[in-house]
Amino acid sequence: MYSLPRGTQDILPPDQPYWRYVQEVAEGLCRHYGYQRIDTPVFEETALFVRTVGEGTDIVDKEMYTFQDKGGANLTLRPEGTAPVCRAYIQHGMHNLPQPVKLYYFAPIFRYDRPQAGRFRQHHQVGFEAIGEADPALDAEVIDLAWRLYVDLGLRGMSLELNSIGCPACRPAYLESLVAYYRPLAALLCRDCQARLERNPLRLLDCKKEGCQPYAGEALKSSEHLCADCREHFESLQRRLARLGIPFHLNHRLVRGLDYYTRTVFEVQPQEEGAQSTIGGGGRYDSLIEQLGGKSTPAVGFATGIERIILNMKRQGIDLPAQAEATVFVSYAGDVAREQALDLVARLRREGIPATSAFDRKSLKAQLRQADARGVRFALILGEDELRDGAVTLREMEGGRQERIEAARIPEELRWRVFGKS
RNA sequence: GUGGGCGUCGCCUAGCGGUUAAGGCGCCAGGUUGUGGCCCUGGAGACCGAGGGUUCGAAUCCCUCCGCUCACCCCA
């Protein structure tokens with residue numbers, strides 16, 4: 001027997017309403033905010049991710065599904081959504097469109113990780129990117145959209161963590177002083193942090209190890225070592241968020257796991273206990289497009305994990321809007337009636353009325369049992385009596401009232417009953 | 001990559017050295033002639049994760065592997 005690959009999951013019918021709901025709400029909101037849908041391939045050239053996400057990040061170093069195709073091309077299953085969108089922006093000359101170009105996507109994401117609660121090797125993100133505008137009001141818009149998404153989905157207790165990690169003008173100096181601060185402490189740090197000190201000092205700040213925490217807490221804050229432009233940007237963003245009424249926590253230890261971020265970084269975290277502390281995250285990436293060979297173009301974006309959204313919705317007991325299926329079950333008694341019943345099902349479907357039937361030569365009892373199990377509201381019964389009279393019996397399952405209806409009037413009668421209109 | 005927990009019908013669970021491996025849910029069928037839900041009866045469905053061992057005898061004890069799961073790491 002085969003079972004699905006580790007870290008993947010089947011989304012079975014009972015769970016589909018959650019997915020549909022999240023996608024509907026997200027899609028509606030994105031459009032409401034003026035974002036347009038984009039879909040990019042499931043795999044891209046490996047270099048696209050290595051160059052943007054960054055060597056030294058976990059994603060690139062150990063989590064990518066990389067392979068060679070039969071032509072020798074080096075490809076990687078998309079481990080994140082932003083780089084492909086930027087690639088598409090450049091490739092299709094979107095800088096000729098009115099700026100900023102605002103795009104959203106739903107995409108499967110692949111990372112070779114050990115699976116655990118809320119973490120998979122294939123998961124799905126809804127994300128949005130606004131490319132071609134540096135104004136902090138755009139950062140605020142993206143954050144507003146992200147925040148609104150959780151609110152509209154009914155999630156409660158979310159917290160918005162916000163930080164600025166500076167730009168190429170001010171970050172190097174900050175990193176230098178950060179390293180200078182940490183260097184004397186090196187012997188006291190965990191192994192990972194000792195490596196971070198050399199490879200990616202910013203990440204020293206979000207080490208979760210108890211031994212390292214105090215140092216991170218005391219460390220210099222990037223947001224206090226910003227250049228004038230970055231400081232103004234950050235302050236302006238905070239003012240904008242305040243005007244939007246979006247509550248945020250300044251978190252100077254927030255850095256993100258991808259190298260391309262500049263200035264604004266943010267994460268949304270659920271209050272609930274559990275290992276997965278992030279439900280969505282994003283930030284500004286003003287150097288990314290240029291790094292990919294486009295002309296210098298500022299941008300900001302956000303992505304959130306659909307599985308984690310659904311996980312939190314379930315934890316919080318959020319009910320979905322009921323979606324009753326209006327299906328009519330056509331049952332029959334006898335072989336002649338069976339032929340007629342199957343014809344009737346086809347006719348109803350053509351008339352726009354959802355209809356099903358049993359397929360086998362089942363007893364009427366078995367058919368009605370099936371109708372009941374499927375939770376249909378109406379059953380039609382077609383037997384010799386009905387055939388003789390050119391009619392069918394319409395049975396309302398709840399309550400069990402039934403009446404004869406002239407065959408010719410069936411569609412209109414059902415339309416009226418099922419959909420409440422004629 | 002590192003730890004902890006767990007693997008018995010589709011799902012949940014009992015059995016913990018000798019049972020035809022049990023029960024509940026679900027599924028299928030029947031309970032008079034063409035009628036669901038409740039109830040009753042019957043049926044299908046498990047070589048007890050896999051492979052080794054110990055033993056007269058193993059789902060039950062031991063070992064190895066595999067899988068799932070939670071946590072670390074990292075992230076969505």
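Reminder, nothing fancy here: chain letters follow the sequence lines and each chain counts from 1.
Across the interface with RNA chain B, nearest-nucleotide mapping of A/R114 and A/V255 shows A/R114 to be the residue nearer the 5′ end.
Proximity of a side-chain donor or acceptor of A/Q16 to a complementary backbone N or O of A/I11 within less than 3.5 Å is detected.
With hydrogens and angles ignored, no donor-acceptor pair closer than 3.5 Å exists between the side chain of A/Q367 and the base of B/G34. For B/G36, its base sits under 3.5 Å from the side chain of A/D372 at one donor and acceptor pair at least. With hydrogens and angles ignored, no donor-acceptor pair under 3.5 angstrom links the side chain of A/R369 to the base of B/U35. Donor-acceptor pairing under 3.5 Å, judged by distance alone, is present between the side chain of A/K365 and the base of B/G31.
The interatomic distance linking A/R374 (CZ) with B/U35 (C1') rounds to 17 Å, in whole Å. Remark: P of B/C75 and CD of A/Q116 are 13 Å apart, rounded to the nearest angstrom. As rounded to whole Å, 13 Å separates atom C1' of B/A76 from atom CZ of A/F266. Rounded to whole Å, atom P of B/A76 lies 10 Å from atom CZ of A/F302. Computed from coordinates, the A/K62 NZ to B/C73 P distance equals 11 Å when rounded to whole Å. In this structure, A/E386 places its CD atom 11 Å from C1' of B/U35, rounding to the nearest Å.
Side chains of A/E129 and A/T82: a donor-acceptor N/O pair is present below 3.5 angstrom, by distance only. Using a 3.5 Å distance cut-off with no hydrogens or angles, the side chains of A/D144 and A/Y33 do pair a donor with an acceptor. A side-chain donor from one of A/Y260 and A/E80 sits under 3.5 Å from a side-chain acceptor of the other.
Of the residues A/Y35, A/F266, A/Y105, A/W147, the one that meets the ring-ring contact (aromatic ring centres under 6.0 Å, His included) test with A/F302 is A/F266.
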Nucleotide-resolved protein contact map, nucleotides 39-46 of chain B, B/S/- at heavy-atom distance under 4.0 Å:
--------
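Under the 6.0 Å distance and 45° angle rule, A/R78 does not count as a cation-pi partner of A/F43.
Comparing B/G45 with B/C28, their C1' atoms sit 11 Å apart, to the nearest whole Å.
Ion pairing of A/E267 with A/R256 is present here, as a side-chain N (NZ or NE/NH1/NH2) and a carboxylate O approach within less than 4.0 Å. Between A/R284 and A/D286 there is a salt bridge, since at least one side-chain N of the basic residue sits less than 4.0 Å from a carboxylate O of the acidic one.
Nucleotide B/G67 is matched to B/C6 when pairs are restricted to Watson-Crick or G-U wobble geometry with both distances under 3.5 angstrom. Remark: B/C56 base-pairs with B/G18; criterion is Watson-Crick or G-U wobble with both hydrogen-bond distances under 3.5 Å. If you check B/G43 for Watson-Crick or wobble pairing at under 3.5 angstrom, you find it paired to B/C27. Across all strands shown, nothing is found opposite B/U33 as a Watson-Crick or G-U wobble partner with both distances under 3.5 Å. Within the shown strands, B/C72 is the pairing partner of B/G1 under the Watson-Crick or G-U definition, both distances less than 3.5 Å.
Closest approach of A/G7 to A/F120, counting heavy atoms only: O-CB, 3.2 Å.
For B/G30, the OP1/OP2 oxygens have a side-chain nitrogen or oxygen of A/S363 closer than 4.0 Å.
Residues from residues 387-402 of chain A that place a heavy atom under 4.0 Å from any atom of RNA chain B, listed by number: A/R395, A/M397, A/G400, A/Q402.
For A/H225, the ring pair (Phe, Tyr, Trp, His ring centres under 6.0 Å) criterion is met by A/Y174, not counting sequence neighbours.
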